[in-house]
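Worksheet: one structure, shown below.
The chains referred to below are lettered A, B, ... by the order of the sequence lines, with proteins before strands, and numbering in each begins at 1.
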Amino acid sequence: MYKQGKYPIVSKKTLAKGIFDIEIYCPHIAKAAKAGQFAQVQAEGFFLRRPISICDINKDKGTIRLVFEVRGHGTDKISELNKGDLVDIIAPLGNGFKVLDKGKKAVCIGGGIGTPPMVGIAKEYGENATVISGFRNAAAVILQEDFKAMGCDVQLCTDDGSAGRKGFVTDALLDVLKSEKPDIVYACGPMIMLKNITKICEENGIYCQVSLEQRMACGVGACLVCVCRTVKDGQEFNSHVCKDGPVFDSEEVVFDE
Amino acid sequence: MYKQGKYPIVSKKTLAKGIFDIEIYCPHIAKAAKAGQFAQVQAEGFFLRRPISICDINKDKGTIRLVFEVRGHGTDKISELNKGDLVDIIAPLGNGFKVLDKGKKAVCIGGGIGTPPMVGIAKEYGENATVISGFRNAAAVILQEDFKAMGCDVQLCTDDGSAGRKGFVTDALLDVLKSEKPDIVYACGPMIMLKNITKICEENGIYCQVSLEQRMACGVGACLVCVCRTVKDGQEFNSHVCKDGPVFDSEEVVFDE
Amino acid sequence: MNRINVNFCGVEFKNPVIPASGTFGYGREYEQFYPLSKLGGISVKGTTLHRREGNPGPRVAETPSGMLNSVGLQNGGVDKFINYELPNLVTKDTRIIANIAGSTIEECAELAEKLNGTAVDMIELNISCPNVKQGGAAFGTDCNVAGAVTKAVKDVTEKPLMVKLSPNVTSIVDIAKSVEANGADAVSLINTLLGMRIDIRTRRPILKNNVGGLSGPAVFPVAVRMVWQVANAVKIPVMGMGGIATWEDAIEMMMAGAGAVQVGAAIFADPYAPVKIAEGMQKFCEDNGINNISEIVGTVKPW
Amino acid sequence: MNRINVNFCGVEFKNPVIPASGTFGYGREYEQFYPLSKLGGISVKGTTLHRREGNPGPRVAETPSGMLNSVGLQNGGVDKFINYELPNLVTKDTRIIANIAGSTIEECAELAEKLNGTAVDMIELNISCPNVKQGGAAFGTDCNVAGAVTKAVKDVTEKPLMVKLSPNVTSIVDIAKSVEANGADAVSLINTLLGMRIDIRTRRPILKNNVGGLSGPAVFPVAVRMVWQVANAVKIPVMGMGGIATWEDAIEMMMAGAGAVQVGAAIFADPYAPVKIAEGMQKFCEDNGINNISEIVGTVKPW
Ligand SMILES: Cc1cc2nc3c(=O)[nH]c(=O)nc-3n(C[C@H](O)[C@H](O)[C@H](O)COP(=O)(O)OP(=O)(O)OC[C@H]3O[C@@H](n4cnc5c(N)ncnc54)[C@H](O)[C@@H]3O)c2cc1C
Ligand SMILES: Cc1cc2nc3c(=O)[nH]c(=O)nc-3n(C[C@H](O)[C@H](O)[C@H](O)COP(=O)(O)OP(=O)(O)OC[C@H]3O[C@@H](n4cnc5c(N)ncnc54)[C@H](O)[C@@H]3O)c2cc1C
Ligand SMILES: Cc1cc2nc3c(=O)[nH]c(=O)nc-3n(C[C@H](O)[C@H](O)[C@H](O)COP(=O)(O)O)c2cc1C
Ligand SMILES: Cc1cc2nc3c(=O)[nH]c(=O)nc-3n(C[C@H](O)[C@H](O)[C@H](O)COP(=O)(O)O)c2cc1C
Ligand code: FES
Ligand code: FES
């Protein structure tokens, strides 16, 4: 059941330059939400809503967390909201990540602003999760303390080596695979990163889910604008990120050449 | 010299239901402004600015006062602004009222939300001003204390007699004329009121200035949308409320039949 | 008392507010917000003879007070509509308008024929889709072709036939007259205005299709003008749409001459928009002593 | 270093940002905000052979992200322009574009002739005003008439001739090709889209003229599309306008194919808009290592 409403922001933090973390009190949504789902957030003065992943869910407090980067005018407007303000959202949307049984091991990989949705899913695995996140540089690093607090094995990469190891998240993943084979890999980030992770997982026979992005209008599956190419049984067809996704089994995604 | 800028609201009051009084700190504008001029006020999210008369000017404090009624979505948005917020205005615009020499007597007539511009002009005359204002009923009455504080002779009319005398401002004007002939009459309010006042002044040989309204775009005289019909030397032609007005000698205005 | 039920083209609608084709799918998603029975009807996603994959993504670009789309009639084909969507829709206690589009005149007729005998209440023949290469706008911008396709469909259909017009023309009145003369029972307008946006960083059009259809509040004044012109030029009823977002907009459109209205892009901003609009209309009637909303249709008095 | 000077149609502009005709008068009012020398040029209020009073008021209605106007070419006539406005304008160190409109072909030619020998830098022949009964849009919506009026003016004028096109047509490309074939040195587009608003309380059109021309950000995607289509269809330069409000918009319009841009309704919201746009363009060039803004014209790469 989708909910639309104006909900109060109960806390707001700046995680890095231009990256904001808001916690919204919306008990019905928090109750229904799963890791990997998203919210359609209204930016005042703009016609279309902005899709933002649900970073974390606190069912007890009745809150969800959205972590987003200012990328354009709409997210800039959303970033002007403060504690106590109401934010108009539709949520929870999309399918969310598949959660395996207790005891299974997961690797959660976030690239840049693809990192936030990893919080919710890594939480499901706690100490059984390895979280690999990649950022441009030390100044862009976010959410590492959250992952540590959940007991995850945290591996940080930066492009320039200014924090954690220098290099790509795929390098870190290959290293992890040397010592253990996880039951599932979750990934969110740039297409090229998802493509490479998909390839690695395929080669290693690991089940992998990726969270995709596409420009959206309705966010619920009605307007068909948020198309992505998928494949099943050798047959290519259009899926829709908002309803069929944003999470797809990586083997079903057709990555452009 | 027109000024455009975002200026802080230093105080905000509710004068009656849906009628707000904001004082804006804008020293350059306050210094240049004259009674009867107006400001083009931006309402966030709306394309065109809203013209609002300058109600009062405090050159010492560097402030102007705008008193406005919520009539539609734009004024509603402006009414959401609070003390401390910035308001984007262009001012001072238009010609303003002609002020006669010290000692001359004026009658200032405001109908409803046409009353605010009378504050600034009545102030110029103080005890030599008679202020007649008319409202629907007692609940809609505004600004009477301001006029009293300036020493004016204050005459209040309401349509239903729930405050002051029952009847139209024109009745009050006719009564005033019985005992004295003012040197000038200023009026702002509905067209029908201005038309009747114009007729009375004409019959009594009294100089009269009226402040008109028209829908505007630029507010400075460039776009020619804010047309009104005027007459000079027997010749009818188009004038523009924002630049040629909003104040016109009443004998120059062509009132529709 | 329901003051907003309307008879449009012989079909009784419980209210004159209908989600516009392509913006509401088949109602399955929005049913999660409210029962579809609150709607006057639903104009379903444009249906073609065969399954269509539509255009590649991105298919949407934001614009000031509006959006461009280039979906390109993605749909499962008419058989899937009849066999899968329609049986579900008929249980929803709302009117069903089948929006159809073909790339040839014959295809349009065949589509209409397939819908004979189904529970569809009305056909909306889309001759104005800016996002497909054949048919679509090509049909809607030429009086003769528009007339011919109307006639071909009218000859075979047993349903009331509404033809959906393109605003991308010099004279929408001429097209409207032509489809009226060829048997259309109603017209609906406007479809989207052709537009484009460019990403100045990549120097690429935002839409993979380069251009797309503009809708949303931005187009409202154009839609009101066209509805007013067409309503004054034809005798058949006009279904008005284009940028309606509030009940005031809907009233304005009806005063311009629309017997009923469709609401499209506004639903993306507020899923409840059609319901709120219907409620606002009911209240407007009550507040203004109007017994039935139909009384306001075309009542604008030009200067 | 000035990176935004452009040569448009043989005329040197210090920057490509020009207030659009009818939105800036003759510059007298806006000079109170900034010196006119900051502007690439000014397209002056539409000038007719004789003084015109224009349409009755109200002449403006707000719309979502835009506005309708129905001024109807109020102006003092060409002689007043030449004798009163031009002597003032020539002292302002900016280019002067004379926007002219006639109700017959002969009148257009006569107007252009009168401007021979004056300090006007360029003529913008408006064949697209939606707010006058004769001439105006009637000229702009028919290829043959558009061609004929272009030819008549071209035959007599000694100035570069730019023809201003109407967006209220099925194919703006056809009109553009016709005026090019008949000697236009450039085209400018778009003029306003015809629209209408109704006051639902009074059931009267807001504009006394009933309908008016839509401009402002709402029309921007339509304008970008038309500029792109026309720039790809003709060899003469295109001056782009319609809804430009920010420097990003101006860059987008130039990438679509505009060699220079006009800014209209946005000035009402922010009088400084043209100046800010020029400054933003200069910075864009600096930030992106572009030596001259002309390098970006028409560089959008379609998919
Ligand atoms: C399922 C999903 C989850 C997302 N989760 C997050 C998140 O958790 N944190 C975060 O910072 N960002 C997230 N994004 C990306 C975020 O939606 C965009 O950064 C945002 O829409 C940009 O809006 P803007 O107004 O700043 O940019 P503008 O460029 O001004 O936006 C213009 C239009 O393009 C759309 N758009 C632009 N970029 C994107 C994009 N990358 N994806 C989808 N639409 C886009 C906007 O929504 C808007 O409609 C997610 C996107 C999707 C699809
Ligand atoms: C010179 C002048 C001085 C004014 N002074 C005052 C004042 O001191 N206090 C006050 O309360 N009101 C004043 N008004 C009227 C005020 O401008 C309108 O009430 C206001 O513009 C309505 O805006 P809205 O968004 O609430 O209404 P909407 O109806 O939503 O506005 C839609 C459009 O119509 C225009 N519009 C609607 N009504 C009027 C009107 N009566 N005059 C001009 N434009 C209108 C709006 O500006 C806007 O562009 C003045 C008008 C003028 C021309
Ligand atoms: C995403 C989207 C898809 C659309 N698909 C169709 C369609 O399949 N058939 C059709 O006739 N119109 C289609 N339209 C046009 C709408 O039905 C409507 O005519 C137009 O959007 C104007 O109304 P609006 O401004 O309220 O959206 C579509 C519009 C949008 C936004
Ligand atoms: C108030 C107003 C008056 C206009 N007058 C003229 C005119 O006299 N001649 C002309 O060619 N265009 C005229 N236009 C059209 C503009 O020059 C421009 O083409 C149009 O407004 C689109 O640009 P914009 O969206 O930036 O305003 C006028 C526009 C407005 C808003
Ligand atoms: S955004 Fe409408 S279907 Fe996905
Ligand atoms: S509002 Fe532009 S001339 Fe008056």
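Only the side chain of Q214(A) comes within contact range of chain C, judged by heavy atoms closer than 4.5 Å. Neither the backbone nor the side chain of Y26(C) comes within contact range of chain A; no heavy atom of the residue lies under 4.5 Å from a heavy atom of that chain. With a 4.5 angstrom heavy-atom cutoff, P56(C) touches chain A only via backbone atoms. Interface remark: A265(C) contributes backbone and side-chain atoms alike to the contact with chain A (heavy atom separation under 4.5 Å). Heavy atoms closer than 4.5 Å to chain C are found in the backbone of K3(A), but not in its side chain.
Put simply, CZ on R51(C) and CG on N238(A) are 8.0 Å apart, with the number rounded to the nearest 0.5 Å. Between atom CG of residue L224(A) and atom CG of residue L73(C) there is a gap of 10.5 Å, rounded to the nearest 0.5 Å. The distance from atom OH of Y2(A) to atom CD of Q32(C), rounded to the nearest 0.5 Å, is 4.5 Å.
Using a 3.5 Å distance cut-off with no hydrogens or angles, the side chains of E62(C) and H73(A) do not pair a donor with an acceptor.
Heavy-atom pairs under 4.5 Å with chain A peak, among Y272(C), F24(C), F33(C), Y30(C), at F33(C).
Residues N69(C) and C223(A) have side chains not in contact (no heavy-atom distance under 4.5 Å, counting atoms from C-beta outward). Two residues are said to be in side-chain contact when any heavy atoms from C-beta on lie closer than 4.5 Å; V227(A) and K208(C) fail this criterion. You'll find the side chain of I206(C) reaches within 4.5 Å of the side chain of R215(A), heavy atoms only.
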